[in-house]
K.L.:
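Just dropping this structure here.
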Amino acid sequence: YDDTSFVAAVYEHAVVWTSIPGQPPTRQEAIDFMKQNLDVYREQTREAKRQGADIIVFPEDGIHGFQSRENQYFYLETIPDPEKIVWNPCDDPDRFNDTPVQQNLSCMAKENNIYVVANFGDKQFCDSSEDSSCPNDGRYQFNTDVVFDNEGTIVARYHKEHLFMTELQFNRPPSVEIVTFQTPFGKFGVFTCFDVLFRDPAVALVEDCGVDTIVFPTAWMDVLPLFVSVEFHQAWAMGMGVNFLSSNTHVLDRRMTGSTISTPSGAVSYYHDMNSTEGRLLVAEIPIKPIKNGVRSAELPITQHDTEFVSDLFGDPFTFVDLTKESDYVIICQNDLCCSLNYTKSGISSEIYAFGAFDDLHTNEGQYYLQICALVKCANSSRDTCGQPTNDAQTTFSHLRLAGNFKFPHVFPEVLTRGIGMDLAVGEWEYKNGAIISTSGISKPLLSAALFGRVYERDDGTFKHTSGAMEVSPHLPLLLILFSVHLIGSVVTV
Ligand SMILES: NC(=O)CCCC[C@@H]1SC[C@@H]2NC(=O)N[C@@H]21
């Protein structure tokens with residue numbers, strides 16, 4: 001690294017694992033399995049260093065795979081808290097019992113003079129007579145990210161806060177952990193996979209701790225059109241104005257692929273491949289201090305929408321309007337959110353696109369409040385397929401401007417096109433003043449473009465829609481004008 005940039009590496013790993021619930025392995029069998037993954041990690045760490053990397057990130061569950069709670073136990077080590085104990089497992093391997101994974105990772109970091117970020121399971125024993133939250137089996141099993149510095153010392157340990165619904169093998173930590181680590185190439189924050197949908201610790205690391213770069217081990221299952229790994233993780237980097245190093249596991253029968261090295265200007269390097277069974281190393285030079293976007297200006301539509309319909313997008317009833325013309329300016333609203341789209345497209349007439357708004361509680365696979373403006377390719381020519389997953393498209397957009405009147409600050413811009421696999425159209429659009437803008441067009445067929453707003457403020461139930469009794473919107477006068485225009489438009493149409 002120099003004073004302004006460093007070299008980041010992420011490795012998407014095709015994890016070697018087996019799990020037969022009810023038939024736990026012996027500890028030695030578990031170690032032998034993990035060793036197979038660690039051998040790959042060692043080889044990739046060496047290669048990353050050869051390419052100049054200062055830090056390498058490995059994926060969630062990449063060392064032990066996906067286990068039942070009972071089986072997971074045999075893959076766990078007790079990982080000491082680096083805030084309390086300074087430990088270099090490579091230099092001092094016998095300080096604690098039974099720590100082969102930590103020794104292996106620590107020596108990998110030391111031998112290659114590189115920071116290593118890895119995810120595996122931490123066990124912490126507890127006593128229910130002293131700790132009322134202590135699990136029945138007398139131990140916490142934490143989904144854990146561990147960071148080794150370039151000499152092999154453990155410098156950070158993070159226990160995942162927001163476990164995904166299938167992660168019954170792990171426990172949530174007693175309180176949310178906000179974990180940072182300082183390097184010669186900037187301040188880093190760490191969180192894991194499903195955490196990215198929630199405020200703490202993710203947003204706190206950026207807004208309260210001022211980190212420059214997030215390291216993000218993940219085991220992310222794609223869901224088209226708005227939850228594709230590389231699309232969502234690039235969007236988070238752009239929306240939050242930080243570097244984002246996402247390393248995914250590569251398990252195709254679970255729809256897990258897609259890793260990125262992203263900056264606030266978009267992905268510098270990414271990998272997404274549903275055909276190959278191979279892992280992939282990404283290495284890229286990125287700025288130590290990411291340049292953040294300017295403050296968003298409120299974008300407010302001035303006319304109202306055409307014929308509306310409601311269709312489901314990943315469980316959310318979006319209010320959509322379809323794009324009937326080759327070039328148009330359309331507005332669509334739902335609850336407090338109004339979205340505008342200016343576009344020019346060319347494609348075959350059987351393909352339909354819809355532009356929609358969603359402003360409500362998302363309830364599918366977790367509950368969280370969203371405000372989303374989304375342009376989507378419908379799965380077929382029927383309107384009720386708008387929002388359904390499809391990776392088939394032929395229509396291109398030669399001009400695009402997508403905005404919304406978001407009044408909450410966390411908005412993530414997403415663009416997904418059909419390339420050989422999933423494609424992010426890097427360099428063909430920008431996120432500026434709160435809008436997705438493509439002036440010269442997006443060359444590949446468009447699957448989706450969206451402003452994904454996450455309304456953390458409503459999660460605790462104290463903020464409601466402006467139509468509710470709790471709060472009066474500062475935009476109420478404008479919404480009334482919009483609504484009147486809508487009514488007039490409806491009367492004229494009738
Ligand atoms: N390991 C995890 O924490 C996986 C969670 C990420 C999955 C994302 S979040 C919402 C979408 N639902 C999915 O099935 N995949 C997406």
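Source: prediction; values computed, not measured. The figures that follow rest on heavy atoms only: side chains count, while hydrogens, waters and symmetry mates do not.
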K.L.:
Would you check if the distance from the ring center of F397 to the ring center of Y353 is below 6.0 Å?
P.N.:
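Here the rings of Y353 and F397 have centres that are less than 6.0 Å from each other.
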
K.L.:
With side chains defined as the heavy atoms from C-beta onward, is the minimum distance between D145 and V215 less than 4.5 Å?
P.N.:
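Not touching, per the 4.5 Å side-chain cut-off.
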
K.L.:
Suppose we call two aromatic rings close when their centres sit under 6.0 Å apart. Are H13 and F58 close by that rule?
P.N.:
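Centroid distance H13-F58: not below 6.0 Å, so no.
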
K.L.:
Are any non-hydrogen side-chain atoms of R157 and T144 less than 4.5 angstrom apart?
P.N.:
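Yes, at least one pair of side-chain atoms sits under 4.5 Å.
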
K.L.:
Where do F358 and P317 come nearest, in terms of heavy atoms and distance?
P.N.:
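Closest pair (atom of F358, atom of P317, distance): CD1-O, 3.5 Å.
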
K.L.:
At what distance, to the nearest 0.5 angstrom, does CG of D392 lie from CD of E351?
P.N.:
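The distance works out to 6.5 Å.
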
K.L.:
Table please: side-chain donor-acceptor pairs of residues 228-241 below 3.5 Å, with sequence neighbours left out.
P.N.:
from	atom 1	to	atom 2	distance (Å)
S229	OG	D222	OD1	3.3
S229	OG	T257	O	2.7
E231	OE1	V228	N	3.1
E231	OE2	S448	OG	3.2
H233	ND1	S229	O	3.0
Q234	OE1	A267	N	2.8

K.L.:
Could you tell me if the side chain of S246 sits less than 4.5 Å from the side chain of T260, heavy atoms only?
P.N.:
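Sidechains of S246 and T260: in contact.
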
K.L.:
Could you walk me through whether N37 and V15 satisfy the side chain to side chain contact (heavy atoms under 4.5 Å, CB included) test, starting with their C-alpha distance in whole Å, then the side-chain angles of each, then the deciding distance to 0.1 Å, before giving a yes or no?
P.N.:
CA-CA 6 Å; N37 292 305; V15 57; 3.9 Å; yes

K.L.:
Just verifying a value: how many Å separate R418 CZ and T395 OG1, rounded to the nearest 0.5 Å?
P.N.:
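Here the rounded value is 10.0 Å.
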
K.L.:
How far apart are the closest heavy atoms of A53 and I114, and which atoms are they?
P.N.:
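Here A53 and I114 meet closest at O-CD1, 3.6 Å.
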
K.L.:
Any side-chain heavy-atom pair from R172 and H162 closer than 4.5 angstrom?
P.N.:
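Yes, side chains in contact.
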
K.L.:
Side chains of N143 and N119: donor-acceptor distance under 3.5 Å anywhere?
P.N.:
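Indeed, the side chains of N143 and N119 share at least one donor-acceptor pair under 3.5 Å.
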
K.L.:
Does a sphere of radius 6.0 Å around CD in E326 hold more than 12 heavy atoms from other residues, nucleotides or ligands, not counting ones at 6.0 Å or beyond?
P.N.:
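No, because the 6.0 Å sphere around CD of E326 holds 12 heavy atoms or fewer from other groups.
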
K.L.:
Within the 4.5 Å heavy-atom criterion, are F164 and M221 side-chain neighbours or not?
P.N.:
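F164 reaches M221 side chain to side chain.
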
K.L.:
Cut-off 3.5 Å, side chains only: do D384 and S382 have a donor facing an acceptor?
P.N.:
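There is such a pair between these side chains.
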
K.L.:
Could you check whether any side-chain heavy atom of F185 comes within less than 4.5 Å of a side-chain heavy atom of Y115, counting everything from C-beta outward?
P.N.:
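Side-chain contact under 4.5 Å: yes.
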
K.L.:
Just so I know, are the side chains of R454 and L370 near enough to count as touching, which here means a heavy-atom distance under 4.5 Å?
P.N.:
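SC-SC contact between R454 and L370 confirmed.
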
K.L.:
For disulfide (SG to SG under 2.5 Å), just list the numbers for C378 and C386, CA-CA rounded to whole Å, side-chain angles, deciding distance to a tenth of an Å, and then say yes or no.
P.N.:
CA-CA 4 Å; C378 306; C386 300; 2.0 Å; yes

K.L.:
Should the SG-SG distance of C333 and C339 be recorded as below 2.5 Å?
P.N.:
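Between C339 and C333 there is no disulfide, given that their SG atoms are not under 2.5 Å apart.
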
K.L.:
Would you call the rings of F188 and F6 parallel, tilted or perpendicular, where under 30° means parallel and over 60° means perpendicular?
P.N.:
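Rings of F188 and F6: perpendicular, as their planes differ by over 60°.
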
K.L.:
Is it true that R458 and D360 have a side-chain N and a carboxylate O under 4.0 angstrom from each other?
P.N.:
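Result for this pair is no, no salt bridge flagged.
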
K.L.:
For the aromatic rings, using the six-membered ring if either is Trp, is the centroid distance between F314 and H362 under 6.0 Å?
P.N.:
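Distance test on ring centres: under 6.0 Å, yes.
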
K.L.:
Applying side-chain hydrogen bond (donor to acceptor under 3.5 Å, both in side chains) to E285 and S5, what does each step give before you reach the verdict?
P.N.:
CA-CA 6 Å; E285 185 171 351; S5 67; 2.6 Å; yes

K.L.:
Parallel, tilted or perpendicular: which describes the rings of F244 and F216, with under 30° parallel and over 60° perpendicular?
P.N.:
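F244 vs F216 ring planes: tilted.
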
K.L.:
If we only count heavy atoms from C-beta on, is the Q182 to V155 side-chain gap below 4.5 Å?
P.N.:
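Answer no - side chains too far apart.
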
K.L.:
Any Lys/Arg nitrogen of R50 or E47 sitting under 4.0 Å from an Asp/Glu carboxylate oxygen of the other?
P.N.:
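Counted as a salt bridge, because a side-chain N and a carboxylate O are separated by less than 4.0 Å.
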
K.L.:
Taking 4.0 angstrom as the limit, do K187 and D212 come out as a salt bridge?
P.N.:
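A salt bridge is absent here (no side-chain N lies under 4.0 Å from a carboxylate O).
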
K.L.:
Does any donor atom in the side chain of H410 or E207 lie under 3.5 Å from an acceptor atom in the other side chain?
P.N.:
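E207 and H410 do have a side-chain donor-acceptor pair below 3.5 Å.
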
